[in-house]
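Shown next, in structure tokens, is the structure this report addresses.
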Amino acid sequence: MRTSPELRRKLISVAVVSAALLTAAPASVAVAQEAAPRPAAVPAAQTEAAPGIQAERLIVGYKSGATEAESNKAAAADAESKAEKTGEDIDFQRRLGTGAALVELGTHPTRASVADVVAQYKADPQVAYVVPDRLNKPTAVTPNDTEYSKQWDLFESTAGMNVPGAWDTTTGSGVTVAVIDTGYVTHSDLAANIVGGYDFISDTAVSVDGNGRDSNPADPGDWYNDNECGQGIAASGSSWHGTHVAGTIAAATNNGKGVAGIAYGAKISPVRVLGKCGGYDSDIIDAITWASGGTVSGVPANTNVAKVINMSLGGGGACSSATQSAINGAVNRGTSVVVAAGNENQNVSNASPANCNNVIAVAATNRAGSRASYSNYGSLVDIAAPGGETRTSTANGILSTLNSGTKTPSSENYAYYQGTSMATPHVAGLAALMKSANSALTPAQIESALKANARALPGTCSGGCGAGLADAAKTVQAVKGGTSTGTTFSSTTAVAIPDNGAAIESPISVTGRSGNAPSALQVGVDITHTYRGDLVIDLVAPDGSTYRLKSAASDSADNVNTTYTVNASGEAANGTWKLRVQDTAAQDTGTLNGWKLTF
């Protein structure tokens with residue numbers, strides 16, 4: 001049974017969480033070794049944290065209107081009160097960018113003590129959710145070499161992303177991409193495109209740079225010894241993961257050396273959240289908020305706001321309400337969030353943040369255009385991109401900027417990596433090209449156009465790889481020039497949307513066009529509704545073919561006021577088009593205020 005609309009608008013969607021972590025591994029190591037051991041899975045609960053979970057910190061979201069939601073003093077007093085009731089150490093640490101509170105549970109709390117604290121917060125009517133502050137890790141592997149001719153992922157006809165064909169239109173100028181990762185180690189093939197970022201790692205045991213948060217996102221190395229990141233986890237050298245990801249997006253190009261970046265005219269803002277053994281949700285949440293132009297207490301305003309965020313990182317379990325809130329905030333500010341599907345060869349529904357709403361989840365393909373053996377899959381994957389597969393040859397990996405240091409920084413170099421971490425910056429780079437070609441594009445339009453203009457995988461994908469292989473040239477061509485230069489047909493007739501009832505339809509008659517509709521048909525929708533997650537929206541072509549614009553989802557926000565991009569190139573332009581809207585659950589009603597088609 002769903003809650004009332006009044007209460008529901010104050011709650012953030014809830015789900016199952018666990019703390020499975022993805023780790024880096026040398027390319028010579030079997031892909032199955034990429035996944036670190038998982039802590040115990042967490043059963044479903046309204047608070048997303050339940051008896052049995054091991055956690056040292058919790059993220060507490062208070063309901064709108066609660067004093068603790070606005071006052072740090074009140075949140076600290078609440079933590080102290082719950083400490084008295086449970087006999088456990090509970091200390092308020094800080095306010096996250098989403099407004100949630102981070103509380104620490106003392107040194108090595110037991111599962112039972114965590115359960116007691118969670119139960120206290122769960123019983124508090126002012127608390128919307130309480131979730132563990134989980135540890136996330138990068139999602140890649142290793143090897144080495146150099147130059148554009150080795151970047152099959154950009155140009156090969158079989159399974160490359162057709163990037164050179166987009167460069168005649170744009171190189172990404174005017175767009176900043178935030179790489180939320182391990183930070184940046186100096187590299188001459190990247191330096192010209194690096195702008196200010198931030199180090200969000202607050203725990204010095206994770207940051208290993210001797211301090212907490214500061215304006216220096218330099219990567220000091222993320223190496224660790226045997227068992228240092230968990231019993232049975234073998235030692236690993238530094239990955240320089242963020243630098244490899246950044247090079248794929250925006251390595252300097254036409255400079256006579258090294259590799260080419262997909263959006264080499266764009267800028268990279270390094271945002272450091274991953275250090276020794278990974279990084280916490282709380283730091284990642286603040287990084288997402290800050291990178292997209294939101295405010296984070298104690299952190300200076302961002303002067304390099306990103307319109308694209310790359311997160312080649314992940315953990316296990318469902319998307320937490322805390323993380324979803326940060327992602328929603330970023331997207332609402334106009335920033336696309338591109339996320340790695342994960343390297344566990346499992347359904348992406350078990351990998352966070354790839355299973356969150358409002359993200360572009362990316363699976364990895366190999367040089368033959370099939371799903372890479374390690375890549376996650378499933379219906380929540382949006383699109384696929386080259387991630388490489390080095391089992392038979394390191395040259396089948398993704399070549400990018402790196403450093404030769406095994407622990408601390410040494411000389412710059414280049415190396416082949418494989419992973420969904422490598423596929424993700426391909427799509428983030430393409431998103432930057434799109435935004436540069438058409439600055440009016442919204443995150444929803446960028447996602448829709450990426451899918452509409454993908455091509456079928458040259459190989460196979462068991463389990464589902466989204467819309468197919470991203471195609472840079474076709475996608476940029478489809479979106480360039482914006483929507484204002486086309487011809488618009490609209491309907492301003494309001495139509496009531498019945499609660500949990502039959503679908504309604506609103507027609508638009510299109511005349512005077514020649515040939516077929518475009519591959520980037522713009523569908524503008526204006527709906528007032530008190531719980532938009534209930535809504536299913538379809539575009540119906542003149543011949544009756546349907547195009548799903550929006551599916552029902554756990555989304556408690558109000559209204560749908562956005563523009564979708566549809567590949568309608570197989571449909572005759574002239575005729576009667578319809579927008580079909582259905583409310584699929586009880587307790588809410590709404591109105592289709594109007595909609596439009598722009599050719």
Side-chain angles (χ1 to χ4, degrees), residues 14-23 35-62 68 75-94 96 100-137 201-207 212 224-234 275-285 314-323 350 352:
V14 297
V16 179
V17 277
S18 66
L21 308 173
L22 299 176
T23 62
R38 296 173 178 269
V42 181
Q46 184 175 12
T47 57
E48 300 173 306
I53 191 168
Q54 184 70 52
E56 295 183 353
R57 301 189 295 195
L58 298 172
I59 300 171
V60 181
Y62 292 95
E68 295 88 345
D78 187 41
E80 183 176 348
S81 172
K82 287 176 172 56
E84 291 176 357
K85 293 177 180 178
T86 61
E88 305 294 341
D89 291 332
I90 310 174
D91 294 311
F92 170 79
Q93 294 297 305
R94 68 173 184 274
L96 304 188
L102 177 67
V103 296
E104 188 162 355
L105 304 183
T107 305
H108 305 305
T110 65
R111 293 179 186 274
S113 64
V114 174
D116 288 343
V117 174
V118 167
Q120 281 295 321
Y121 276 111
K122 180 180 179 180
D124 189 339
Q126 299 302 315
V127 172
Y129 62 83
V130 53
V131 299
D133 188 12
R134 300 176 302 189
L135 196 66
N136 297 260
K137 295 188 176 184
I201 302 179
S202 51
D203 189 328
T204 55
V206 176
S207 70
Y224 50 85
N225 294 318
D226 285 338
N227 303 316
E228 194 172 6
C229 294
Q231 192 63 36
I233 297 179
K276 178 169 285 192
C277 303
Y280 285 101
D281 278 358
S282 53
D283 291 336
I284 294 169
I285 285 166
C319 176
S320 78
S321 297
T323 298
N350 297 313
S352 175

Q) What's the verdict on side-chain contact (heavy atoms from CB on, under 4.5 Å) for V114 and L105, showing C-alpha distance, side-chain angles and the deciding distance? A) CA-CA 8 Å; V114 174; L105 304 183; 3.9 Å; yes

Q: Decide side-chain contact (heavy atoms from CB on, under 4.5 Å) for T323 and I284; before the verdict, give the C-alpha distance in whole Å, the side-chain angles of both, and the deciding distance to 0.1 Å.
A: CA-CA 8 Å; T323 298; I284 294 169; 6.0 Å; no

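Qualifying side chain to side chain donor-acceptor pair (under 3.5 Å) partners for S202, counting only residues two or more places apart in sequence or in other chains: R94, D283. Taking the side chain to side chain contact (heavy atoms under 4.5 Å, CB included) definition, one finds that D226 meets it with A234, A235, sequence neighbours left out. Partners of E228 by side chain to side chain contact (heavy atoms under 4.5 Å, CB included), not counting sequence neighbours, listed by chain and number: Y224, N225, K276.
Considering all non-hydrogen atoms of both residues, Y129 and A100 come closest at OH-CB, 3.6 Å. Scanning all heavy atoms of the two residues, the minimum distance from L96 to L102 falls at CD2-CB, 4.2 Å. For D281 against P132, the heavy-atom pair with the smallest separation is OD2-O, 3.9 Å. When all heavy atoms of N136 and G314 are compared, the closest pair comes out as OD1-C, 3.6 Å. Minimum interatomic distance between G316 and S352 (heavy atoms only, all atoms of both residues): O-CB, 4.3 Å.
In terms of modelled atom types and a separation under 3.5 Å, the side chain of D116 and the main chain of T86 share no donor-acceptor contact.
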Return a table of donor-acceptor pairs under 3.5 angstrom between the side chains of residues 77-84 and protein atoms on other chains or two or more places apart.
unit_1 : atom_1 : unit_2 : atom_2 : d
D78    : OD1    : K82    : NZ     : 2.6
D78    : OD2    : Y62    : OH     : 2.5
D78    : OD2    : K82    : NZ     : 3.2
K82    : NZ     : D124   : OD2    : 2.9

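Remark: S113 OG to D89 CG distance equals 9.5 Å, nearest 0.5 Å.
A cation-pi arrangement, defined by a distance under 6.0 Å to the six-membered ring centre and an angle within 45 degrees of its axis, is absent between R134 and Y280.
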